[in-house]
Amino acid sequence: MPPVPPRPTIVLVHGAFTDASSWAGVISLLHAAGSTVRAPANPLRSLTQDAAYIRSVVADIGVPVVLVGHGYGGAVITHAATDADNVVALCYVAAFGLDAGECVLDITSRFPPMPATDATFAADLPAQLPGGPDSELYISEERFPEVYAADLPPHLKKVMSVAQRPIAHSALTSRSGAPAWAVKPSWYAIATADRMLNPTAQRFMAQRMAATEHLLDGSHAVMLSHPDAVVAMIREAAGQGTGRGDGNELRQPL
């Protein structure tokens, strides 16, 4: 019998206005299923810099990788994984799957504006670093619950609104390179109640990349409100990306 491919490591890349803790529910379920998980901190400084960092994380992993991105994190994995030979599948969770030469703002301006459009504001950095951004974007604390996390419990909405991580404005205007989804199999979880990234834009990107689509009735924080459905998609991608089947191998501990 041919050797069984090794189980992939799942690398979770968070998006703007949050941090790796946004994957908490997904990580718990993947750990329970016996999967190895990495959830690095996405710098949120520029697409080139952020993708280079994630690429370095992936390069240090000696087994196949399923790369998962949420929101802006989708743009990062798209840019990072093109020449990453051990990335066997891409998963987008209400995320930006950019094409070559596109930026995040190209996508958001192409579709009707969402409630988040007038809920964000720019703030100057407290200290300027050479070559660094001069301003960052936040979501208003008052508007954060409705636009980012409408389907989460009130206490969690409040915590996320005050703990949000800002994104440099330049990250939203950085142009993507050749898209990894053009050469790697992709999956896409469309959050149909998203008020940050237009669900129509999500469907457009999913169809453009010929992704396997999963429709989830959730907010932009769908990975927290529906972690089981997100994990089901990741397991499916892990199984098909490594030729191990439908992802059922993740049910058994390592």
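For clarity, every value in this text was computed on a predicted model and none was experimentally measured. In what follows, residues are counted from 1 in the order of the sequence shown.
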With a sphere of 6.0 Å drawn around CG of Asp85, does it hold more than 12 non-hydrogen atoms of other residues, nucleotides or ligands?
no

Who are the ring pair (Phe, Tyr, Trp, His ring centres under 6.0 Å) partners of His79, not counting sequence neighbours?
none

Qualifying residues under side chain to side chain donor-acceptor pair (under 3.5 Å), relative to Thr120, sequence neighbours excluded:
none

Report the residues that fulfil salt bridge (Lys or Arg N to Asp or Glu O under 4.0 Å) with Asp217, sequence neighbours left out, ordered by chain and then residue number.
none

Taking only residues two or more places apart in sequence or in another chain, which ones pass ring pair (Phe, Tyr, Trp, His ring centres under 6.0 Å) with Tyr148?
Phe144, His220

Tell me, do Leu47 and Leu98 make a side-chain contact under 4.5 Å, heavy atoms counted?
yes

For a 4.5 angstrom cut-off between non-hydrogen side-chain atoms, does Val63 reach Pro8?
no

Contacts of type ring pair (Phe, Tyr, Trp, His ring centres under 6.0 Å), residue Tyr53, not counting sequence neighbours:
none

Given 3.5 Å as the limit, does a donor-acceptor pair link the side chain of Ser109 with the main chain of Leu105, or not?
yes

Give a yes or no answer on whether the side chain of Thr78 reaches the backbone of Gly74 with a donor-acceptor pair at less than 3.5 Å.
yes

Keeping to residues at least two apart or across chains, list the salt bridge (charged side-chain N to carboxylate O under 4.0 Å, His left out) pairs with something in residues 53-68.
Arg55-Asp83

Calculate, to the nearest 0.5 Å, the distance between atoms CG and OG belonging to Leu30 and Ser35 respectively.
5.0 Å

Partner residues of Asp99 under the side chain to side chain donor-acceptor pair (under 3.5 Å) criterion, sequence neighbours left out
none

Going by heavy atoms in the side chains, are Val87 and Val58 under 4.5 Å from each other?
yes

Give the minimum heavy-atom separation between Glu141 and Pro145, together with the two atoms involved.
O-CD, 3.3 Å

Checking side-chain contact (heavy atoms from CB on, under 4.5 Å) for the pair Val93/Met233: CA distance, chi angles, key distance, verdict?
CA-CA 10 Å; Val93 181; Met233 181 183 71; 4.0 Å; yes

Donor-acceptor contact below 3.5 Å, side chain Glu136 vs main chain His169
no

Kindly indicate whether the side chain of Pro6, heavy atoms from C-beta on, has any atom under 4.5 Å from the side chain of Pro64.
yes

Partner set under side chain to side chain donor-acceptor pair (under 3.5 Å) for Glu102, not counting sequence neighbours
Arg110, Arg208

Side chains of Phe17 and Tyr72, heavy atoms from C-beta outward: is any pair under 4.5 Å?
no

Check step by step if side-chain contact (heavy atoms from CB on, under 4.5 Å) holds for Trp187 and Val66.
CA-CA 10 Å; Trp187 280 254; Val66 174; over 6 Å; no

Rounded distance (nearest 0.5 Å) linking atom OG of Ser219 with atom CG of Asp151:
3.5 Å

Using only atom types and a distance under 3.5 Å, with no angle test, would you say the side chain of Arg175 pairs donor to acceptor with the backbone of Gly101?
yes

Go through Ile190 and Glu213 one step at a time and tell me if the side-chain contact (heavy atoms from CB on, under 4.5 Å) criterion holds.
CA-CA 7 Å; Ile190 298 171; Glu213 297 180 24; 3.6 Å; yes

Main chain of Ala171, side chain of Ser46: is a donor-acceptor contact present, judged purely on distance under 3.5 Å?
no

Glu146: which residues meet the salt bridge (Lys or Arg N to Asp or Glu O under 4.0 Å) condition with it, sequence neighbours left out?
Arg143

Quick check: do Cys91 and Glu236 have side-chain heavy atoms less than 4.5 Å from each other?
no

Test log, rule side-chain contact (heavy atoms from CB on, under 4.5 Å), inputs Val147 and Met114
CA-CA 8 Å; Val147 301; Met114 300 300 289; over 6 Å; no

Does Arg203 have any side chain to side chain donor-acceptor pair (under 3.5 Å) partners at least two apart in sequence or in another chain, and if so, which?
none

Checking the side chain of Asp194 only, and the main-chain atoms of Pro199 only, is there a donor and an acceptor separated by less than 3.5 Å?
no

Can you tell which of Leu67, Ile77, Ile234 makes a side-chain contact (heavy atoms from CB on, under 4.5 Å) with Leu12?
Ile234

May I ask you to decide if Ala178's main-chain N or O and Thr82's side chain share a donor-acceptor pair within less than 3.5 Å?
yes

Within the 4.5 Å heavy-atom criterion, are Asn198 and Pro112 side-chain neighbours or not?
yes

Between Ser28 (side chain only) and Ala24 (backbone N and O only), is there a donor and an acceptor less than 3.5 Å apart?
yes

Residue pair Val37 / Thr9, side-chain heavy-atom distance below 4.5 Å
no

Looking only at atom types and distance, does a side-chain atom of Gln202 sit under 3.5 Å from a main-chain N or O of Ala95, one as donor and one as acceptor?
no

Rounded at 0.5 Å granularity, tell me how far CD1 in Ile107 sits from CZ in Phe96.
7.5 Å

Distance-only donor-acceptor pairs under 3.5 Å for side chains of residues 159-168, two or more places apart:
unit_1	atom_1	unit_2	atom_2	d
Ser161	OG	Lys157	O	3.4
Ser161	OG	Lys158	O	2.7
Gln164	OE1	Ile139	N	2.9
Gln164	NE2	Ile139	O	2.8
Gln164	NE2	Ser161	O	3.0
Arg165	NH1	His14	NE2	3.4
Arg165	NH1	Asn42	O	3.0
Arg165	NH2	Asn42	O	3.1
Arg165	NH2	Pro43	O	3.2

Within the side chain of Asp124, is there an N or O that forms a donor-acceptor pair under 3.5 Å with the backbone of Ser135?
no

Kindly compute the distance separating CG (Leu216) from OG1 (Thr192), expressed to the nearest 0.5 Å.
7.5 Å

According to salt bridge (Lys or Arg N to Asp or Glu O under 4.0 Å), who are the partners of Asp19, at least two apart in sequence or on a separate chain?
none

Gap separating the CH2 atom of Trp23 from the CG atom of Leu29, nearest 0.5 angstrom:
12.5 Å

